[in-house]
Amino acid sequence: MYQKLKERLRDALARHIQLTYHVDLGVVLERPPKIEMGEAASPVCFELAKRLKKAPRMIAQEIANDFRKVEGVARLEVAGAGYLNAYFERGAFWEKMVIGNEEVASGEWRVASNDEGEGTEKAAGLKGKRPALQGDSGGKIIVEHTSINPNKAAHIGHVRNAVLGDTLVRILRHAGHRVQIQNYIDNTGVQVADVVIGLLWMEKRTPVSVKMMAMEPRFDYDCWDIYAKATQFFAADKVNAAKLRGDTLRAIEEGRGEESEVAEVVADAIVTFHLRTMARLGIYYDLLARESEILHLKFWDAAFEMLKKSGAIVLATTGKMAGCWIMPAEKQEVEEAKEVKKEAAEEGEGGEEENIQDKIIVRSNGTVTYVGKDIAYQLWKFGLLGKDFKYAKWKNAPAEETVWATTSMKGDPHAPNFGAAASTVYNVIDARQAYLQDVVAQGLRALGHAKEAERSIHFAYEIVALTPRCAADLGYELSEEEAKKPYVEVSGRKGHGVKADDLIDKLEAATLAEVRERHPEMSEEEKLKTSHAIAVGALRFFLLKFTRNSIIAFDFADALSFEGETGPYCQYAVVRIRGIRRKGLEAGAAEIAVTQETATALLGGAAGNELWELVLLAGSLDQAAELAISGQEPAFVAKYAFQLAQAFNLFYHKYHILTEADEQKRGFLLRLTELVERQLVTALSLLGIEAPEKM
RNA sequence: GCGCCCGUAGCUCAGUUGGAUAGAGCAUCUGCCUUCUAAGCAGAAUGUCGGGAGUUCGAAUCUCCCCGGGCGCGCCA
């Protein structure tokens, strides 16, 4: 609701300024520091002052006087040195939020085309329009996330990826976008090969015994250890290891021999483990896109032809890259300003031949690199490859879930149309791979797909490291230097890291103990359900409250905290509201009809500021969600949920709702708590967090 | 060497795209459970926004230069 009003006001202001002063400029609207200064303020007159050579306060006064009414905005006032402060119609805002049930469904983006009024808004219907992706919201969006190498158990870093991706999906879908979730499975890569070598060569297993092993409940943990051991083994005998690895990898890629058989068993089994782990956190997928099909269905061959034909890649004939197909470093001239050109020219003749920036796409032995495969995959996502996968349901999906996977066998005719072109693609991949993601986009550009390159969004995030104390607790040996640092990086190769399932188990154990203590009356099933919801809330919120480019120094003490800026804090606010609602229902308080006069009176003036601020915040979910999308930052929604919970707690302690003597006021307070509940529950659901009935 | 990111309270982090008096949480201290769940609330204290220069009505935010840290630059992924 806030966002909607703000946009309406911004458009009206911009038009007014255009008509009156013939100046075209973007109107900035911000939240004033105090509610006494209104709900939205613009410093636009400072900018205008420069252009018109008039005092900003004077301009502000003119605008405030002449400005015609915008629906929902009571008045404009001049403040400070020339701010324009807008005051909302509180009663109307309340009415829309409570009666009109605004913002509940995904119709929230039903922003009018212009300020032509309600009629057009309704006509615009559910399709909606979002400022950031104007005219494009009908297009399909692909979000690729998780994409864990299927060779060992998932760890906390993988969980950050999955939670970020899943939350992005939830926010996009809430905004009315059509989103498809893909999880890329590198089932033919070196990491799988390493475990295969560990099983076949180090542990001397047969394919049959590996199959048995893969059915054990802790197979993903076993592989974790085997992978670490294999890494040690390679380090000890580099020469043999390189050959063994190369041979194994090729056998897997070509789908022959015991190696390939075992690789398939391992990868398929581990994928199922990952699906199960993520399902515990409420994370699901539409499609598992497997690298084996990219190979078998010759996706790369098609991409290779396109790249060669367009000249995007060339065969190096001299230098140390001789025999490789390389993508030459992009010459910035295209988009960058001419200055860059000049600088380069001034620098003169230097280094034309051995350009280290060139990226190898096909090795001299003819095998394609990861980036090459990724270019093919990205082309497919945009419907530019001219090929499609075949699809079949994944056999071992978690209960009640349908996941599709690519296949090179016969496809299921009832499979959804996964090959339909996407308009925007988000790839949730850690920040260290920024360069590779750039190369992929560069590949698209070189093929003439500048628009798609633009819409290939590397949704980057920083790693989850461990605090030195946490690493020490886990028994890892640290150098003196490492012990002094704020964090130490985990290493899957060394077998270091916090396994996702271990962490979830710990969280559930801690919350269950607490629930048992507090609610002995609950059934065992209810206790488990409640503690699970709180555990997931704690973990997801913990990973989402940091912005993407913040390195998280993981510590059990922080992750297991349920106080302060945490998921459980937000859940607790909802639980309190539900408690009030239950009691209110018994007391018949739900029946009270609140008139708009009551609401307007209670929210009005200085006396109403406190309640009004809560209403306003509750009505600002749309802004938080919009910001999360345009700013590509799910943390904004987490911040919002916390702020709303905090504001509610303040209100809760100040107003005793059920014992309020004045019936109209009591009814109003009750409606207000219900409004907060709805908004908070929605905000939490965007974060993938469920609010329990009791906790 | 080249490229990207970061430096804000004792600690961990926000800071709405350049705006009004820089904010939270944790930790510390002091209070509040015969009243809708204390996983809560109220209060106290803490800042050369790494340093310097510049841009302008106005800078934590933009530019440049330093200082300190992280990451990436492989015929690995």
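Side-chain atoms are counted along with the backbone in the values below, which use heavy atoms only and exclude waters and symmetry mates. Throughout, a chain's letter reflects where its sequence line sits, starting with A, and its residues are numbered from 1.
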Sugar-phosphate, base or nothing in reach of A/I534, heavy atoms under 4.0 Å: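 The residue A/I534 makes base contact.
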
Touch class at under 4.0 angstrom, heavy-atom based, for A/S550 against every strand present: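 Sugar-phosphate, no base atom in range.
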
Dot-bracket notation for RNA chain B, counting Watson-Crick and G-U pairs under 3.5 Å, with | for partners on another strand: (((((((..((((.....[...)))).(((((.......))))).....(((((..]....))))))))))))....

Nearest-0.5 Å distance that lies between atom CD1 in A/I689 and atom CG in A/L539: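 That separation rounds to 9.0 Å.
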
Pairs satisfying salt bridge (charged side-chain N to carboxylate O under 4.0 Å, His left out), at least one member in residues 631-643 of chain A, at least two apart: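 For residues 631-643 of chain A, and leaving out neighbouring residues, the salt bridge (charged side-chain N to carboxylate O under 4.0 Å, His left out) pairs sorted by first residue read A/E565-A/K639.
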
Distance, C1' atom - from B/G18 to B/U55, rounded to whole angstrom: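 My reading of the C1' atoms in B/U55 and B/G18 gives 11 Å.
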
A/H656 over B/U35, stacked by centroid distance under 5.5 Å, angle under 30°: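 Not stacked by the 5.5 Å and 30° rule.
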
With sequence neighbours excluded, residues passing ring-ring contact (aromatic ring centres under 6.0 Å, His included) with A/Y572: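 Listed in chain order: nothing, the list is empty.
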
ring-ring contact (aromatic ring centres under 6.0 Å, His included) partners of A/F562, counting only residues at least two apart: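 A/F562 satisfies ring-ring contact (aromatic ring centres under 6.0 Å, His included) with no residue once adjacent residues are dropped.
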
Report, one pair per line, the protein and nucleotides 20-26 of chain B atoms (nitrogen or oxygen only) whose separation is under 3.5 Å.
residue	atom	partner	partner atom	Å
B/A20	N6	A/N85	OD1	3.0
B/A24	O3'	A/Q646	NE2	3.4
B/G25	OP1	A/Q646	NE2	3.1

Quiz item: A/T369 side-chain donor-acceptor pair to B/C75 base, under 3.5 Å: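 There is none.
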
Inter- and intrachain pairs under side-chain hydrogen bond (donor to acceptor under 3.5 Å, both in side chains), touching residues 37-47 of chain A, at least two apart: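 Listed once each, the pairs are A/E39-A/W612.
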
